[in-house]
Amino acid sequence: MISAKPPGPSTPASEAELRLRWLRAQPLLVLAYVIVPGFAAALVLTLVIFGLTLRADSAVGLVIITGGPLAGFIWALTRRPEWWLTPKAWARRAFWITALVCFALLPATGYWSPIQWWVWPLVLTLCVVLPTCAGVLAGRARRAFLTPYGPDLGETGFVLHPELNGITGQLRLELTELRWNQGGSGQEVSLLLKQIEQVTVIEVSETLAPARRALSKPDGSGGASLPPGRVLQVQGRRGTILFPLKEVDAFAEILHRRMAARPQLIKNARVTP
């Protein structure tokens with residue numbers, strides 16, 4: 001189940017704010033991961049039991065086909081706390097878990113061959129509406145948890161995906177490293193936080209632009225054209241990387257906090273049950 005206690009490691013200074021963030025997100029996650037797919041699972045079980053009272057042939061096949069998605073639902077509810085440390089994945093996971101359970105509605109309904117005209121339209125509508133609702137609720141949970149996008153997030157173990165500005169790609173802040181998709185190639189590059197020497201925010205204009213490209217490798221190769229605006233400049237031991245971000249100042253402070261808290265977070269992660 002989804003614990004009322006925030007998952008993952010954190011520092012004592014961030015615990016109070018983290019509890020408030022999780023308090024806003026956790027009820028929505030319960031709705032998205034427990035209530036909505038649980039309602040679909042209850043319908044599946046009801047239809048299976050009803051169908052078996054009418055006929056007994058192919059009962060084993062029905063149990064296997066419907067039992068697999070229900071097992072996937074139970075598997076999702078028994079994940080370790082670390083499974084919840086990636087808010088960006090909440091909506092996608094909730095949608096597909098609920099869609100998997102709804103898939104079991106189809107053989108469970110077809111087994112007893114309903115003759116009422118409204119049964120199949122209702123089942124197909126539920127197969128669309130329920131996963132969509134679960135995804136929307138989980139997305140609202142993500143927004144509730146990440147708002148405001150403050151420095152305290154840097155003193156937790158949550159994986160953060162700041163939004164890039166003007167280019168395609170992805171930047172991901174994990175517990176001990178930065179990872180990003182290199183612009184133009186999709187190749188993932190990583191940089192350990194302990195190898196970062198300096199983090200600053202610089203201004204880039206059409207007339208004043210650094211020689212390096214955005215999302216390049218630390219040695220300067222690859223990358224995408226750098227759009228004008230405020231840019232996060234990360235100086236590592238092997239070179240400088242530039243990240244054009246929409247909330248660049250907030251993420252710069254988050255990165256500073258994560259770098260400073262890294263030893264404590266690693267220590268807490270090892271003792272977290």
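Note that the numbering runs from 1 along the sequence shown for the chain. The figures here come from the full heavy-atom set of this structure, side chains too, leaving out hydrogens, waters and symmetry mates.
- Remark: Arg93 is positioned above the aromatic ring of Trp83, its terminal NZ or CZ atom under 6.0 angstrom from the ring centre and at most 45 degrees off the axis.
- Of the N and O atoms on the side chains of Thr240 and Gln235, at least one donor lies less than 3.5 Å from an acceptor on the other residue.
- The closest side-chain heavy-atom distance from Leu173 to Phe251 is below 4.5 Å.
- Taking a 6.0 Å sphere around CZ of Phe95, one finds it holds more than 12 heavy atoms contributed by other residues, nucleotides or ligands.
- Contact annotation: the side chain of Ile196 approaches that of Val199 to within less than 4.5 Å [non-hydrogen atoms, C-beta and beyond].
- Crowding of Trp75 atom CH2: a count of heavy atoms from other residues, nucleotides or ligands under 6.0 Å exceeding 12.
- Within the 4.5 Å cutoff, no side-chain heavy atoms of Leu18 are placed close to those of Glu155.
- Residues Phe145 and Phe158 bring their aromatic ring centres within 6.0 Å.
- Using a 4.5 Å heavy-atom cutoff, the side chains of Glu82 and Pro7 are not in contact.
- Between Ser190 and Arg238, the shortest heavy-atom distance links the atoms O-NH2, 3.8 Å.
- In this structure, the separation between CZ on Arg19 and OG on Ser14 is 9.5 Å, given to the nearest 0.5 Å.
- Tyr111 OH to Thr109 OG1: the interatomic distance, rounded to the nearest 0.5 Å, is 13.5 Å.
- In this structure, Lys88 and Val159 have side chains that are not in contact, with every pair of non-hydrogen atoms separated by 4.5 Å or more.
- By the 4.5 Å heavy-atom criterion applied to side chains, Thr66 and Pro107 are counted as neighbours.
- You'll find the side chain of Leu105 reaches within 4.5 Å of the side chain of Leu43, heavy atoms only.
- With Pro244 as reference, Pro227 is the one residue of Ser225, Pro227, Pro228 to meet the side-chain contact (heavy atoms from CB on, under 4.5 Å) rule.
- Closest approach of Thr98 and Ala32 over heavy atoms only: OG1-O, 4.0 Å.
- Scanning both residues, Leu126 and Pro131, for their nearest heavy atoms gives O-CD, 3.6 Å.
- Hydrophobic clustering (ILVMFWY, side-chain heavy atoms < 4.5 Å, transitive): Leu130 and Val136 are in distinct clusters.
- Under the 4.0 Å criterion applied to side-chain N and carboxylate O atoms, Arg257 and Asp152 are not assigned as salt-bridge partners.
- Between Ala4 and Trp22 the shortest heavy-atom distance is O-CD1, 3.3 Å.
- In this structure, the separation between CZ on Phe243 and CG on Leu255 is 9.0 Å, given to the nearest 0.5 Å.
- Heavy atoms only, all atoms of each residue included: Leu171 and Leu164 are closest at CB-CD2, 4.3 Å.
- Leu245 is not listed as a side-chain neighbour of Asn165, based on a closest heavy-atom distance of 4.5 Å or more.
- Tested against Arg172, the residues Glu177, Glu188, His161 include a single side chain to side chain donor-acceptor pair (under 3.5 Å) partner, Glu188.
- Checked options Val119, Val129, Leu106; the residue passing with Leu124 is Leu106 (criterion: side-chain contact (heavy atoms from CB on, under 4.5 Å)).
- Here the straight-line distance linking atom CD1 of Ile241 with atom NZ of Lys217 works out to 12.5 Å at 0.5 Å rounding.
- By the neighbour-count criterion of 12 heavy atoms within 6.0 Å, atom CH2 of Trp112 is densely surrounded, having more than that number from other residues, nucleotides or ligands.
- The two residues Trp90 and Ala138 make their nearest non-hydrogen contact at O-CB, 3.5 Å.
- For Arg140, the CZ atom sits in a loose shell: 12 or fewer heavy atoms of surrounding residues, nucleotides or ligands are nearer than 6.0 Å.
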Requested in this report: Take Arg213 and Leu226, measure what side-chain contact (heavy atoms from CB on, under 4.5 Å) needs, and give me the verdict at the end.
Outcome: CA-CA 6 Å; Arg213 295 162 62 86; Leu226 190 65; 5.8 Å; no

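- The hydrophobic clustering, which links ILVMFWY residues whose side-chain heavy atoms are closer than 4.5 Å, places Val101 and Val128 apart.
- Here the straight-line distance linking atom CD1 of Ile266 with atom NZ of Lys194 works out to 8.0 Å at 0.5 Å rounding.
- Residue Gln198 holds its CD atom at 9.5 Å from CE of Met259, rounded to the nearest 0.5 Å.
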